[in-house]
Amino acid sequence: MKKILELIAGELKPAFTGCGYEESYAKANLSNRPDLCEYQCNGAMAAAKAYKKKPIEIAEEIVAAVSGNPMFAEITAVMPGFINIRLNGQWLADYLNGMAGAEKLGLEKPEKIETIIVDYGGANVAKPLHVGHLRAAIIGESVKRMGRFLGHHVIGDVHLGDWGLQMGLIIEELRDRQPDLPYFDENYQGEYPEEAPFTIGELEEIYPAASGKAKEDSEEGRAFKERAQTATLKLQSGYAPYRAIWRHIMNVSLADLKKNYSSLNVEFDLWKGESDAQPYISGLIDSLIEKGLAYESQGALVVDIGEETDAKELPPCIVRKSDGAALYATSDLATIVEREKDYHPDRYIYVVDKRQDLHFTQVFRVAKKAGIVPADRKMIFLGFGTMNGKDGKPYKTREGGVMRLERLISEVDEAVYERIMENRTVSEEEAKETAKIVGLSALKYGDLSNQAAKDYVFDMDRFISFEGNTGPYILYTIVRIKSILKKNGQMSPEARILPAVSEAEKSLGLELAKYNEVLAVSFEETAPHKICQYVYDLSNACNRFYHDTKILTEENKEQKESWLSLIALAEKVLETCIDLLGIDAPERM
Ligand code: ARG
């Protein structure tokens with residue numbers, strides 16, 4: 001189905017052209033004065049300048065030209081030159097019935113179906129997931145779902161950090177702890193064991209221990225770090241015993257990561273990582289040199305990325321260190337080479353901490369300069385802010401340590417469980433299950449409802465509240481509608497939404513009609529918070545309507561079923577939208 005704003009513009013266009021004005025002035029917007037009108041067209045104001053006329057005169061001409069159009073209940077010219085519009089109730093009811101009967105509730109397909117890579121998650125292998133990774137997972141998952149639901153071919157890639165110094169650190173720490181392992185015997189000839197020499201629990205302890213050692217400001221600390229660097233280089237150049245350890249680390253860590261992501265309802269299509277890009281690095285470097293883009297600077301190989309329009313000078317992108325090692329940027333560039341070859345995406349969306357802004361500016365510019373991607377390829381960096389505690393600093397445990405994701409999730413679930421048990425309407429077991437679903441909604445919605453680039457404060461009490469702009473409130477609205485529909489039972493097949501008879505009912509209909517627009521805009525702007533804003537507005541409209549209308553006791557069956565159909569549509573729109581946020585609704589709460 002077409003978007004409402006386009007349909008309105010479609011009716012205004014012949015009026016504008018018929019009166020001798022450019023068609024482009026016939027644009028409709030949502031009203032910013034809902035007390036005065038539902039939609040407005042400001043085209044007469046804009047045309048006034050071009051045609052040297054008074055805006056109000058143009059507005060009056062347009063209004064006269066569309067008078068009698070069945071789409072509008074009211075269309076008026078208002079000083080200084082606005083065109084205010086209210087939709088006809090029957091027209092709106094028809095549109096809503098159309099949505100209710102259409103696939104994906106009448107969602108319009110994008111003009112061009114794109115292949116889109118969403119690079120999100122970004123966990124580092126062998127390091128425990130912490131809350132910093134939470135945002136990447138939650139926001140990226142939502143962006144992926146939005147694009148896919150619109151009809152794009154979207155590929156989500158976790159892009160693991162699986163090739164860095166952490167590997168060398170683990171190898172050397174392992175050597176110190178278990179020097180007798182065959183990986184450390186240079187004369188060992190046999191097969192390496194299938195079984196990893198550590199469990200995930202041990203691995204999670206090995207890495208921080210090693211990393212702590214390497215940071216020590218002592219002779220020993222520096223020596224350990226050097227060993228780790230050498231081991232990393234050896235691993236990267238293919239030394240078989242270290243590759244074998246690397247595979248163990250990958251296996252053990254991946255199993256754990258998958259479990260963690262799935263508890264967040266986050267799924268990836270590709271479990272690739274920095275290591276997969278390695279085969280493309282030497283070709284990449286050669287071509288950067290060949291094209292005359294890369295040059296030596298203090299022993300390193302760099303590419304200039306400055307552009308005339310830059311407000312301040314940007315540092316060149318280092319693609320090879322003086323010791324020959326590749327860097328983070330090299331790996332991201334090589335990954336683009338790989339992705340171009342395998343998927344040829346029309347768009348890339350990277351969901352990463354906003355502090356990596358410069359890194360991605362460098363990577364995108366080099367990729368375009370070097371022709372790895374064409375100059376008009378959409379390369380989007382969706383940088384997100386930090387999740388802070390109430391003290392305004394990155395969120396920590398009560399003891400002041402780094403908060404592990406698992407622990408955060410279980411703390412939220414526990415708090416929601418207690419809240420549910422306060423009412424004591426369900427069994428303990430059901431409350432536990434429900435708490436998991438509602439807890440996840442609290443966590444995700446609390447995050448997604450903020451503009452991604454902004455830092456936000458994790459406020460448990462507010463996030464789990466059943467009132468206000470929260471996940472639980474949205475779920476509560478859905479559950480409430482479901483229970484009304486259930487109470488009523490089967491509806492007759494001819495049930496239809498009729499023209500609204502109250503202000504609250506009309507407002508709910510108008511909210512529902514925004515659906516198509518909101519989904520398209522939210523994805524184009526990679527802005528899940530706009531979906532949150534919409535589900536919140538829609539939930540409020542539902543609750544206001546429900547509060548004002550005695551639905552189940554209505555005696556006129558046609559009227560009653562119209563209202564039930566309206567809230568049933570609202571329920572479907574809400575559930576569709578929260579699914580795009582990666583949130584499910586429980587049956588009861
Ligand atoms: N592993 C990185 C980190 O923890 C994030 C990876 C983001 N994606 C990318 N293509 N660089 O900072």
Side-chain angles (χ1 to χ4, degrees), residues 116-141 143-144 154-170 204 207-208 211 232 236 246 249-250 253-254 256-257 260-261 264 266 268-278 280-281 284 317-319 326-340 342-343 345 347-368 372-373 377-387 394 402-405 452-453 526:
I116 300 170
I117 298 248
V118 184
D119 180 316
Y120 70 109
N124 298 314
V125 170
K127 302 189 197 174
L129 276 184
H130 58 80
V131 298
H133 291 112
L134 180 71
R135 298 211 70 192
I138 293 180
I139 300 168
E141 178 70 16
V143 168
K144 180 193 76 180
V154 186
I155 304 162
D157 184 0
V158 64
H159 198 77
L160 298 169
D162 62 356
W163 204 238
L165 182 63
Q166 82 258 41
M167 297 297 178
L169 287 166
I170 293 169
E204 284 182 352
Y207 171 72
S211 152
T232 308
Q236 295 182 346
W246 179 80
I249 300 174
M250 289 299 282
S253 193
L254 271 184
D256 185 61
L257 277 175
N260 269 293
Y261 279 125
L264 278 175
V266 168
F268 299 96
D269 306 292
L270 300 177
W271 283 86
K272 297 206 154 226
E274 294 176 0
S275 64
D276 292 287
Q278 297 316 302
Y280 300 91
I281 287 185
L284 166 76
C317 180
I318 309 176
V319 292
L327 294 97
Y328 188 38
T330 328
S331 153
D332 263 322
L333 283 164
T335 303
I336 299 176
V337 174
E338 183 192 13
R339 287 172 176 166
E340 283 297 310
D342 292 345
Y343 305 103
R347 194 187 313 203
Y348 290 78
I349 303 175
Y350 293 82
V351 184
V352 187
D353 191 312
K354 72 174 174 204
R355 285 168 293 190
Q356 296 189 22
D357 189 4
L358 173 62
H359 164 78
F360 283 100
T361 302
Q362 292 177 319
V363 167
F364 296 168
R365 288 196 183 173
V366 175
K368 289 189 173 175
I372 303 170
V373 298
R377 174 78 81 245
K378 294 182 203 163
M379 308 290 285
I380 296 162
F381 172 60
L382 179 57
F384 53 79
T386 314
M387 176 174 123
V402 174
M403 180 58 116
R404 303 260 314 253
L405 192 53
T526 26

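When a ligand or atom number is given, it counts from 1 through the structure's own listing order.
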Practice problem: Would you tell me whether His359 and Asp332 have side-chain atoms, one donor and one acceptor, within less than 3.5 Å of each other? | Solution: yes
Please identify which atoms of ligand 1 are closer than 4.0 Å to at least one heavy atom of [X].
| X | value |
| --- | --- |
| His159 | 8 (N), 9 (C), 10 (N) |
| Phe360 | 9 (C), 11 (N) |
| Tyr328 | 2 (C), 5 (C), 6 (C), 7 (C), 9 (C), 11 (N) |
| Tyr350 | 10 (N) |
| His133 | 4 (O) |

For the side chain of [X] and the backbone of [Y], is there at least one donor-acceptor N/O pair under 3.5 Å apart?
| X | Y | answer |
| --- | --- | --- |
| Asp276 | Gly273 | yes |
| Asp162 | Val125 | no |
| Gln236 | Trp163 | yes |

Among all protein heavy atoms in this structure, tell me which lies nearest to [atom], with the distance rounded to 0.1 Å.
| atom | value |
| --- | --- |
| atom 4 (O) of ligand 1 | Asn124 ND2, 3.0 Å |
| atom 2 (C) of ligand 1 | Gly122 O, 3.6 Å |
| atom 12 (O) of ligand 1 | Gln356 NE2, 2.9 Å |
| atom 8 (N) of ligand 1 | Asp119 OD1, 3.1 Å |

Self-check item: Residue-ligand contact Glu274/ligand 1, heavy atom below 4.0 Å
Solution: no
Quiz item: Does Tyr120 have a non-hydrogen atom less than 4.0 Å from ligand 1?
Solution: no
Quiz item: What do the steps show when you test Val158 against Val266 for side-chain contact (heavy atoms from CB on, under 4.5 Å), and what is the final call?
Solution: CA-CA 10 Å; Val158 64; Val266 168; over 6 Å; no
Quiz item: Hey, is Asp332 touching ligand 1 through its side chain, its backbone, both or neither, going by heavy atoms under 4.0 Å?
Solution: side chain
Practice problem: Could you see which bit of Phe381 sits under 4.0 Å from ligand 1, with heavy atoms only: side chain, backbone, both or neither? | Solution: neither
Quiz item: Looking at residues at least two apart in the chain, or sitting in another chain, which of them share a ring-ring contact (aromatic ring centres under 6.0 Å, His included) with Phe360?
Solution: Tyr350, Phe364, Phe381
Practice problem: Apply the side-chain hydrogen bond (donor to acceptor under 3.5 Å, both in side chains) test between Tyr348 and each candidate in Lys378, Arg377, Glu340; give the one that qualifies. | Solution: Glu340
Quiz item: Per the side-chain contact (heavy atoms from CB on, under 4.5 Å) rule, which among Ile116, Ile117, Asp269 passes with Lys144?
Solution: Asp269
Exercise. Report, as yes or no, whether the 6.0 Å neighbourhood of atom CD1 on Ile155 holds more than 12 heavy atoms from other residues, nucleotides or ligands.
Key: yes
